[in-house]
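Quick notes on the structure that follows.
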Protein chains: 4
Amino acid sequence: MTDQLDPARPGRKRSEEARQAILAAALELTAEAGYARLTIDGIAARSGAGKQTIYRWWPSKDDVLLEAGAGEADLHVPIPDEGSYRADLRAFLTASFALGRRRQLTDVLRALMARAQIDDAFGQRFRTAFLQRRRDALAVILDRAQARGELPAGVPAGTIADIVFGVIWYRLLATGQALDNKLADELTTVLAGPPSGSGEPALHASRRKRT
Amino acid sequence: MTDQLDPARPGRKRSEEARQAILAAALELTAEAGYARLTIDGIAARSGAGKQTIYRWWPSKDDVLLEAGAGEADLHVPIPDEGSYRADLRAFLTASFALGRRRQLTDVLRALMARAQIDDAFGQRFRTAFLQRRRDALAVILDRAQARGELPAGVPAGTIADIVFGVIWYRLLATGQALDNKLADELTTVLAGPPSGSGEPALHASRRKRT
Amino acid sequence: MTDQLDPARPGRKRSEEARQAILAAALELTAEAGYARLTIDGIAARSGAGKQTIYRWWPSKDDVLLEAGAGEADLHVPIPDEGSYRADLRAFLTASFALGRRRQLTDVLRALMARAQIDDAFGQRFRTAFLQRRRDALAVILDRAQARGELPAGVPAGTIADIVFGVIWYRLLATGQALDNKLADELTTVLAGPPSGSGEPALHASRRKRT
Amino acid sequence: MTDQLDPARPGRKRSEEARQAILAAALELTAEAGYARLTIDGIAARSGAGKQTIYRWWPSKDDVLLEAGAGEADLHVPIPDEGSYRADLRAFLTASFALGRRRQLTDVLRALMARAQIDDAFGQRFRTAFLQRRRDALAVILDRAQARGELPAGVPAGTIADIVFGVIWYRLLATGQALDNKLADELTTVLAGPPSGSGEPALHASRRKRT
DNA sequence: GGCTAAGCGAGACGGTACGTCGCGTCTTCGC
DNA sequence: GCGAAGACGCGACGTACCGTCTCGCTTAGCC
């Protein structure tokens, strides 16, 4: 996220303490007052750092927030192997939705996604450092499913990812509706067919029923 | 969008000319330099209006842009009645995607969606004035399908809308991938089953094929 | 000192209230904490003005201080006509020295003279707006004396001015010694000969005494 | 100028090389860009020294400049003994004016005099290390003249020094007029009477002429 | 010859002030 | 009384230097 520096060069080393304080201050201030009132001055004051120290290591306050938020989000979505595409997908959705229910985190993510629209350079970094990682995680599941031949015909893996992340982000950004288990069930049904125990072997049973 | 005024009031009437010039200036400046460089001062200068005139009629520059952009977007997505849910959905997607391919328009929409995350009050207006209208349009199609019993089981109409708009917005905001006919086909397949002529009556053909 | 503007143009007029408050704040802060701690931010805060308002009308804080200080200094040195060069000069010195004993004023003048050395553009303005005016005042006296034929031979008026202002500024800047009546007497003696009532008709009596 | 250190203590010795490089860099940068753009960082970079090395040996950049400039100025004004006050004074003025015509040197001196107004502690050091030394030099001449009874009546030696240095500094700081031989003549005439070869034994010839 | 003390270049650190930009408000004048 | 022009108070920006503080490294006397 931040630059790698030649470790054998002279001069005082970067202060890990300051780094932590800055990241923490950014998260705290966003939680307390909202992204709209987050300022570099504020982060500096809260963290006890000088503004220059922030500018030295991050190109914008958004990147501070990205680094602060990324650590939190990264950890909590392991890639499960439950034995079937359906189960894997369900587990991925459950874990992702759990993150999506943490208000402080989603407030940060919404702000970052917003800034990614307005600041192109940051947008690039946000996509690489966050969005793509989440897609990569899902891709592992989808690749495995593909290898097993479990993926539905006519819908490439990329589009499945678009649907999964599309729904998550749309609810975060546009409707604010909760990411609950019901939605997870529905998405699983749409993307991997109805639960095996149901009398319905395929999605569009209702139509066929009528015939 | 803007206030209704008692038409029998004394004094000079609101200048329609100024309104048009302001909306046009907002769109032009966004197209030329991007939302990040859009300012009230800039709109005033470009349009020949005074800043006060803008503040008198719009609560923020975002609302100017919303009014400017909404007019454009509203018109082009009629609600078709093609006889079947599948065909209606396909038509809706095609029309929506066509809008989503107009770069100048999507740049404005991306900026508005971004601002909606950062400015809560504007977010409310944006959802009401834009996002909800698009959902309402789709809802007409979905209600009709529901009445005809064409909707897949296990997936409420609201979730279908989340998928449709989720994918559209996710591509606009996150990946920048084009909204093409292939995607329309795939989404239609996912949400309304495979094309009737395909010999594949249901989605999860591939799995059953293997059996 | 500050720009003349076309009085018939549209828009809000410059706030005389703000101008006064800014000038007063600059003087107060210099008196309280010294020029070294005078800042634009401080002037703005003390005066209740915005920084931009200061930058709009003065090119630097030094020019604020110059305008603030000039008003004070201008008034108090009238150009006397006492009937003789000697008496005129003595009166000029007395009045100038009186100013030079006002500590708050000389602190400002010393700071301005200092800044004139460091900032060339300001130096030009300081010379024109202040230093030259003082020379002009003395020039009136010297011209009158010249016309009367009272000026000593071999020393042009310009050099007399250099001596008068040189001594004043040197004491202010270099030694801090008081500008007292004794000095006024001595300078008058050097530049206009000994007092007429003295038994010494000319300056270099002592030398002739010894012969 | 710089601290005396116990010569018998352990540890690396002060680098004379660094000292020279720092003084040279300070002079060069002042000559090239002016005092206003002289910074500690700049001196360190130009000289290849670290900032700490500068702060270790000098309390401020002004003191660096003072030490750099003083060496140059000290040497060139020997105290002559020409046999008469008049001749001594003339020689002192000539030598001083010669220094005052070296632009690079006077730029430094003007900056130092300026800083002496703004930074009181440095002012003290500047007066002691530079201004007082020049007065002391002149004092030798004046004491000698006093002992010989050559000084004009009614004007103490201190005031003569004020006039001499006052005129020099005033021209440097305020008018920028050259310090030429004509001025030396005029000052000599004012302070020591007209040249002995002239028919005018005393200053105020013009007035007596008219009688 | 190893130890200890100080100086060295380098560069990150907490600060302060800078000068600018844009905001949203206000005042003035002309239509 | 609307609308342009534009000054106003305000707050944040990103930058420049300040003076201090580690770093890892020389360099020199002393045991």
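Just so it is clear: chains get the letters A, B, ... in the order the sequence lines come, proteins before strands, and each one is counted from 1. Computation of the quantities below employed the complete heavy-atom set of this structure, encompassing side-chain atoms and omitting hydrogens, waters and symmetry-equivalent molecules.
You'll find a donor-acceptor pair under 3.5 Å spanning the side chain of D:Lys51 and the base of F:dG19, going by distance alone. Scanning atom types as modelled, no donor and acceptor separated by under 3.5 angstrom connect the side chain of D:Arg12 and the base of E:dC8.
The two residues C:Arg46 and C:Ala25 make their nearest non-hydrogen contact at CG-CB, 3.4 Å.
Rounded to whole angstrom, the span from the CD atom of D:Gln52 across to the P atom of F:dG24 amounts to 17 Å. As rounded to whole Å, 15 Å separates atom P of E:dG24 from atom CH2 of B:Trp58. Counting to the nearest Å, the C1' atom of E:dA12 and the CD atom of A:Glu17 are 13 Å from each other.
Of the candidates F:dA7, E:dC13, F:dC17, F:dA7 carries the atom nearest the C:Arg56 side chain, counting heavy atoms from C-beta on. Closest to the side chain of A:Ala49, out of E:dA12, F:dA5, E:dG14, is E:dG14. Side-chain proximity of D:Lys61 to the nucleotides F:dC18, E:dC26, F:dG14 is greatest for F:dC18. With E:dC13, F:dC8, F:dG14 as the candidates, the nucleotide lying closest to the side chain of A:Ser15 is E:dC13.
For the OP1/OP2 pair of F:dA7 and a distance below 4.0 Å, the side-chain nitrogens and oxygens of C:Trp57 include no atom meeting the criterion. Dashed line: the shortest gap from a side-chain N or O of C:Arg9 to OP1 or OP2 of F:dA5 is not under 4.0 Å. Taking only side-chain nitrogens and oxygens, D:Thr53 comes nearer than 4.0 Å to OP1 or OP2 of E:dG9.
Look at B:Glu67 and B:Arg19 and you find a salt bridge, because one of the NZ, NE, NH1 or NH2 atoms lies within 4.0 Å of a carboxylate O, short of that distance.
For DNA chain F, no neighbouring residue in residues 37-46 of chain B is found when judged by any heavy atom under 4.0 Å.
Contact check for D:Arg115 versus D:Arg110: no side-chain heavy atoms found under the 4.5 Å cut-off.
Taking the nucleotide of DNA chain F with the nearest heavy atom to each of A:Tyr55 and C:Ser47, the more 5' of the two is matched to C:Ser47. Nearest-nucleotide positions on DNA chain E for D:Gly50 and A:Gly50 put D:Gly50 closer to the 5' end.
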